[in-house]
Number of protein chains: 2
Amino acid sequence: MKRGQLATRTGCNIETIRYYEKVGLLPDPPRTEKGYRVYEHKHEQTLRFIIRSRELGFTIEQIRGLLSLVDGGDYTCTEIRDQTEAHLAAVRDRIVDLKKLEATLVETVAACNGGNTPNCPVVDALTKEI
Amino acid sequence: MKRGQLATRTGCNIETIRYYEKVGLLPDPPRTEKGYRVYEHKHEQTLRFIIRSRELGFTIEQIRGLLSLVDGGDYTCTEIRDQTEAHLAAVRDRIVDLKKLEATLVETVAACNGGNTPNCPVVDALTKEI
DNA sequence: CTTGAGCCTGTACTTGCTACAGACTTTATA
DNA sequence: TATAAAGTCTGTAGCAAGTACAGGCTCAAG
């Protein structure tokens with residue numbers, strides 16, 4: 001299968017496949033005589049793993065770690081779970097941050113009288129420190 | 001006041017000040033004979049506005065919009081509030097996304113037996129589509 | 001046999017900064 | 001006053017994580 005087909009099958013942008021190869025997530029595929037990349041089922045599996053991990057918010061570096069564990073074949077369930085849990089904690093932190101931000105924005109908007117005057121408490125709020 | 005002092009007073013990275021000037025958020029300050037930037041109180045106010053807006057998650061482009069309204073002097077409370085509300089909606093969307101992600105990660109981790117075997121449901125989950 | 005689609009490479013662009021290098025100026029210390 | 005240290009100047013390169021070309025080949029269909 002060539003690059004375009006792999007892109008279609010996985011829903012991945014065709015250029016992104018090349019990018020994942022460049023940064024070492026996706027192994028260099030064999031080539032035809034004329035230099036065309038030829039992908040096997042294994043590549044598709046790995047690419048799906050990468051795409052899914054990205055959707056779950058893992059960084060490229062984290063995925064590199066996960067892949068080396070998995071591809072090494074000697075990973076343990078505990079190792080993978082630990083990394084996933086660490087990531088879960090990071091996601092939860094981010095949610096907490098965003099909720100604080102949400103509260104601040106709600107407060108800011110609530111302070112607005114909604115009039116047509118150039119006297120806006122939102123602007124005032126923006127110039128204040130936290 | 002010179003750039004370093006403005007950085008210290010606002011807590012902004014010194015290079016970031018130059019960056020905000022480059023992208024047109026912070027007006028070009030007057031210079032000394034030898035070319036050193038000289039900032040007035042107005043610059044500090046604007047910089048604080050930018051910093052605060054960034055903390056609230058506004059993009060550079062959005063801040064450019066807010067500043068042009070504010071600096072134009074003819075903004076209305078409604079205009080500013082509308083933009084802030086739009087941003088609030090975006091923040092809420094992001095929270096919803098992250099919560100979905102959190103649920104998926106919790107589910108994934110829960111599927112793990114925590115053993116020392118190389119048989120990991122997390123890895124399986126990662127290769128599946130959504 | 002020609003046309004268009006697909007693939008190849010390298011490079012530039014994005015966002016929001018941050019971090020240098022190398023030259024210059026200002027300030028503090030001996 | 002001389003010199004050292006700290007500050008500032010410019011331009012440029014780097015980060016994540018892709019995306020989007022340009023210009024050249026190659027492959028398949030009509």
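A, B, ... follow the sequence lines: proteins, then strands. Residue 1 opens every chain. The model shown is predicted, which means the values in this text are computed figures rather than measured ones.
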- request: Starting from P on C/dT18, measure out to CD1 on B/Ile17 and report it in whole angstrom.
  value: 11 Å

message: What is the distance, to the nearest angstrom, from the CG atom on B/Leu26 to the P atom on C/dG16?
response: 16 Å

message: Testing the basics here: between A/Val91 and B/Leu105, what is the closest heavy-atom pair and its distance to 0.1 Å?
response: CG2-CD1, 3.9 Å

- prompt: So, are B/Glu61 and B/Arg64 salt-bridged, with charged N and O less than 4.0 Å apart?
  reply: yes

Taking every non-hydrogen atom, the tightest pair across A/Cys12 and A/Ile51: CB-CD1, 3.7 Å

query: Knowing that exactly one of A/Lys2, A/Met1, A/Arg18 qualifies, which makes a side-chain contact (heavy atoms from CB on, under 4.5 Å) with A/Arg37?
result: A/Arg18

message: Check this for me: does any side-chain nitrogen of one of B/Arg52 and B/Glu55 sit under 4.0 Å from a carboxylate oxygen of the other?
response: yes

Can you check nucleotides 14-18 of chain D for protein contacts, nitrogen or oxygen pairs under 3.5 Å, and list what you find?
{"residue": "D/dA17", "atom": "OP2", "partner": "A/Ile60", "partner atom": "N", "Å": "3.1"}
{"residue": "D/dA17", "atom": "O3'", "partner": "A/Arg54", "partner atom": "NH2", "Å": "3.4"}
{"residue": "D/dG18", "atom": "OP2", "partner": "A/Tyr20", "partner atom": "OH", "Å": "3.1"}
{"residue": "D/dG18", "atom": "OP2", "partner": "A/Arg54", "partner atom": "NE", "Å": "2.5"}

- prompt: Which pairs pass ring-ring contact (aromatic ring centres under 6.0 Å, His included) with one or both residues in residues 3-41 of chain B, sequence neighbours excluded?
  reply: B/Tyr39-B/His43

- request: Among residues two or more places apart or on two chains, list those pairs meeting ring-ring contact (aromatic ring centres under 6.0 Å, His included) that have a residue in residues 87-106 of chain A.
  value: A/Phe58-A/His87

- prompt: Where along residues 88-97 of chain B does a heavy atom fall under 4.0 Å from DNA chain D?
  reply: none

field: Where protein sits on nucleotides 2-11 of chain D, one letter per nucleotide: B base, S sugar-phosphate only, - none, heavy atoms under 4.0 Å
entry: -----BSSBB

query: What pairs with A/Glu102 under salt bridge (charged side-chain N to carboxylate O under 4.0 Å, His left out), at least two apart in sequence or on another chain?
result: B/Arg92

- request: Determine, step by step, whether A/Leu6 and A/Thr10 satisfy the side-chain contact (heavy atoms from CB on, under 4.5 Å) criterion, reporting the C-alpha distance in whole Å, the side-chain angles of both residues, the deciding distance to 0.1 Å, and the verdict.
  value: CA-CA 6 Å; A/Leu6 180 60; A/Thr10 57; 4.0 Å; yes

Contact summary for A/Ile50 and A/Leu26, nearest pair of heavy atoms: CD1-CD1, 4.0 Å

